[in-house]
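Working notes, structure below.
Letters A, B, ... mirror the listed sequences (proteins, then strands); counts begin at 1. Predicted, not measured: the structure shown is a model, and the values here were computed from it.
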Protein chains: 4
Amino acid sequence: MTDSKGSTRVRAAGAKRQRLMSAAAEVVHRQGAERTTIADIARAADVPVGNVYYYFKTKDELVAAALSEHARRLGTLTGGLDALPDPRARLKGLVEAWVSQRELAARYGCPTGTLAAELDKRAEGGLDAEAGRVIRLLLDWAERQFRELGLPEPDGLALTLVGAYQGMSLLANALREPGVMDREGARLLAWLDSL
Amino acid sequence: MTDSKGSTRVRAAGAKRQRLMSAAAEVVHRQGAERTTIADIARAADVPVGNVYYYFKTKDELVAAALSEHARRLGTLTGGLDALPDPRARLKGLVEAWVSQRELAARYGCPTGTLAAELDKRAEGGLDAEAGRVIRLLLDWAERQFRELGLPEPDGLALTLVGAYQGMSLLANALREPGVMDREGARLLAWLDSL
Amino acid sequence: MTDSKGSTRVRAAGAKRQRLMSAAAEVVHRQGAERTTIADIARAADVPVGNVYYYFKTKDELVAAALSEHARRLGTLTGGLDALPDPRARLKGLVEAWVSQRELAARYGCPTGTLAAELDKRAEGGLDAEAGRVIRLLLDWAERQFRELGLPEPDGLALTLVGAYQGMSLLANALREPGVMDREGARLLAWLDSL
Amino acid sequence: MTDSKGSTRVRAAGAKRQRLMSAAAEVVHRQGAERTTIADIARAADVPVGNVYYYFKTKDELVAAALSEHARRLGTLTGGLDALPDPRARLKGLVEAWVSQRELAARYGCPTGTLAAELDKRAEGGLDAEAGRVIRLLLDWAERQFRELGLPEPDGLALTLVGAYQGMSLLANALREPGVMDREGARLLAWLDSL
DNA sequence: TATGAATGAGCATTCATTCAT
DNA sequence: GATGAATGAATGCTCATTCAT
């Protein structure tokens, strides 16, 4: 019931860190990593600029944090889908989740995909590999569903599915047409049913 | 055979501008628009920094030039394919061209796609729409082929084809696996044959 | 006598800002706004260049600060004169103050006047109007004195007085003759007595 | 009657030079010397940038040319007034000429005065002295008229007259009020009559 | 002479990162 | 831990001047 100052502080500190990660995820998705300044993120998280460095030693660490925040959100999504008994239903649920984000996708693209594309242009840091790892998480989850369905080459199917998602997000974004998400989403659902 | 002084100068000037466009296309593809400095492009084109501004008034104009250079190359590619009598063969030729670029795609992604993703995060300038327009060129070309084949919803098929390309490029890039291009390329060829 | 850390910091920060304003006022008066670089002001204020932007977001803001510094000094001058009981004595005190600055005027002109002339050539920014406002302060003060003397058309008299000051400063400056200030100053004193 | 190519060329060259001087006078008056680029003047004179340097070796020479163009125009004005039999009428004619330029003065100030103020802030070049010389021409002319009227201290009267002109131009400009020119102009006319 | 093109020094501004308290 | 302030390297862009023809 009582909170020692210490634990309050720790909790507050943890909250601050989380606030920074969340803000980083949002702002970086919207503006891209390169155009996002530490000050942007600090402002969004309502944390003084000088204080950010207590939680993240470099900007790259903050970008990595944004990435892992997106991974966490992806985990929450697939974790929820795992409750469904049918693997096919899980995959279709994933596609439906994508389509439900159509507006965001048309405006800013897939958070992980666009970040991956951006980070892959960097020579230094190793952040590029990090983005690949998050995408691999998604691929692995999809592959598990396809395998559970007993389909051949579940890894190839996962590649096709996730590739289609990245492609449709990019097109919706580049053309600024959320409708692309609906159209391609419907096609993917039909495809999943046909397997 | 002989060159008047005048035409030499004009040709040289044109050559320099072309050299800058080409350099911009390459460097921007490799480093991204944001991380590319005017100096980078100037160095790659072997042009003094100050002179770049004689040809392009702003960095944005140079990025636009890079984009249109990619559009030009795309035009060259599809223009060549147009010589083929069969639309299906043209589409398959396109996919094969994509696959043949697997190494570049795995390292830097699709030039137009990654640039579109980057530019779409900008509020100012009209550069974002510009990238969309280049992608639309590709979509339109593909749609024409599908229509010539007498297939229903040629625009949707084009969306699926180009989307698959963007997706596979992004995955190959994020995972640093050129093999993705081969695998998905083969699938696309089979799909085209099945239509 | 003792300074808490906080107040020291605040005072130091305020002192730095003031130092920048003061340096800007001086350097801009000497070199003109256009020929003055941020580095010039930073050097004069003994502040690292990059730090200047913590206090003033643009060069224009610094020029505006220089202007308001001059307005402040003008306010100090007229404020001191307000202590005199006789309005005529106040006006003559103003003229005497001008004459006492003869060397500075002959070298660099009236700070506000020359700045106004320079800024009025700019289309952008609202800085031109700003200079006019400072001059209006002087006009208004003079008008109040003339009105208190019960003279007709006090605004016209103020215009004549301030105009004469601007004119003599400009001539003294253009001819590099401080004597112009003495000569015209004496005439103004006689004129004030004759009213 | 016949024009050899040579003389045509010379005449054309002279015309070009004059066009440049005239353009320089106008543009520098409007934008100030510092904000005026060689390209601005070249454009206004319809002369290719590279060619400007054939007529004026440096930008400073062009500014000096602008100054001497203003001196020439001043000479034309006073030369015209010299035709009047009465010196007082000449002086009043000068004031009336000033007032007739009220709009220009309110917008850009006196060409010579503002240029003098700007150039006097320069250490190098000696252009500053040049501006003083043009103003001296005006002072001398006015002094001659006052002397011819048999008035004491004609040089002081000239100083007062020209100073008033500079002052009213500056105020009209700073306040953006052409009315200042009318008001002070009327006062000067009355003053001339009272002498 | 005429002219488009070339050159490089200089400047305002941004921003990640560090420091002092 | 918290915070405003400090720091300096980097970058886009301008422009007077020069060059090649």
Atom pair distance, as rounded to whole Å: CG in L62(B) and C1' in dT11(F): 14 Å
Base versus backbone protein contacts along nucleotides 12-17 of chain F [heavy-atom cut-off under 4.0 Å; B, S, -]: SBBSSB
Residue Y55(A), side-chain atoms from C-beta onward, closest of dT7(E), dA2(E), dA2(F): dA2(F)
N or O in side chain of Y54(D) less than 4.0 angstrom from dA2(E) OP1/OP2: no
Electrostatic pair R35(A):E124(B) at N-O distance under 4.0 angstrom: yes
Spacing between I41(C) atom CD1 and dT13(E) atom P, to the nearest angstrom: 11 Å
Where DNA chain F forms stems, i.e. three or more consecutive Watson-Crick or G-U pairs with both distances under 3.5 Å: E:2-21 with F:2-21
Spatial distance of atom CZ (R133(C)) from atom CG (D128(C)) [nearest 0.5 Å]: 9.0 Å
Stepwise side-chain contact (heavy atoms from CB on, under 4.5 Å) test for E130(D) and L119(D): CA-CA 9 Å; E130(D) 202 60 42; L119(D) 298 179; 5.8 Å; no
Rounded distance (nearest 0.5 Å) linking atom CD1 of I41(C) with atom CD1 of I38(C): 5.5 Å
N51(C) CG to dA9(F) P, straight-line distance once rounded to whole Å: 15 Å
G109(B) versus H29(B), closest heavy-atom pair with distance: O-NE2, 2.7 Å
Sidechain N-carboxylate O distance under 4.0 Å for R122(A), D60(A): yes
Donor-acceptor pair between T114(D) and K121(C) side chains, under 3.5 angstrom: yes
N or O in side chain of K16(B) less than 4.0 angstrom from dA6(E) OP1/OP2: yes
Pair R17(B)-F56(B), side-chain contact (heavy atoms from CB on, under 4.5 Å): steps then yes or no: CA-CA 9 Å; R17(B) 194 172 204 285; F56(B) 300 94; 3.5 Å; yes
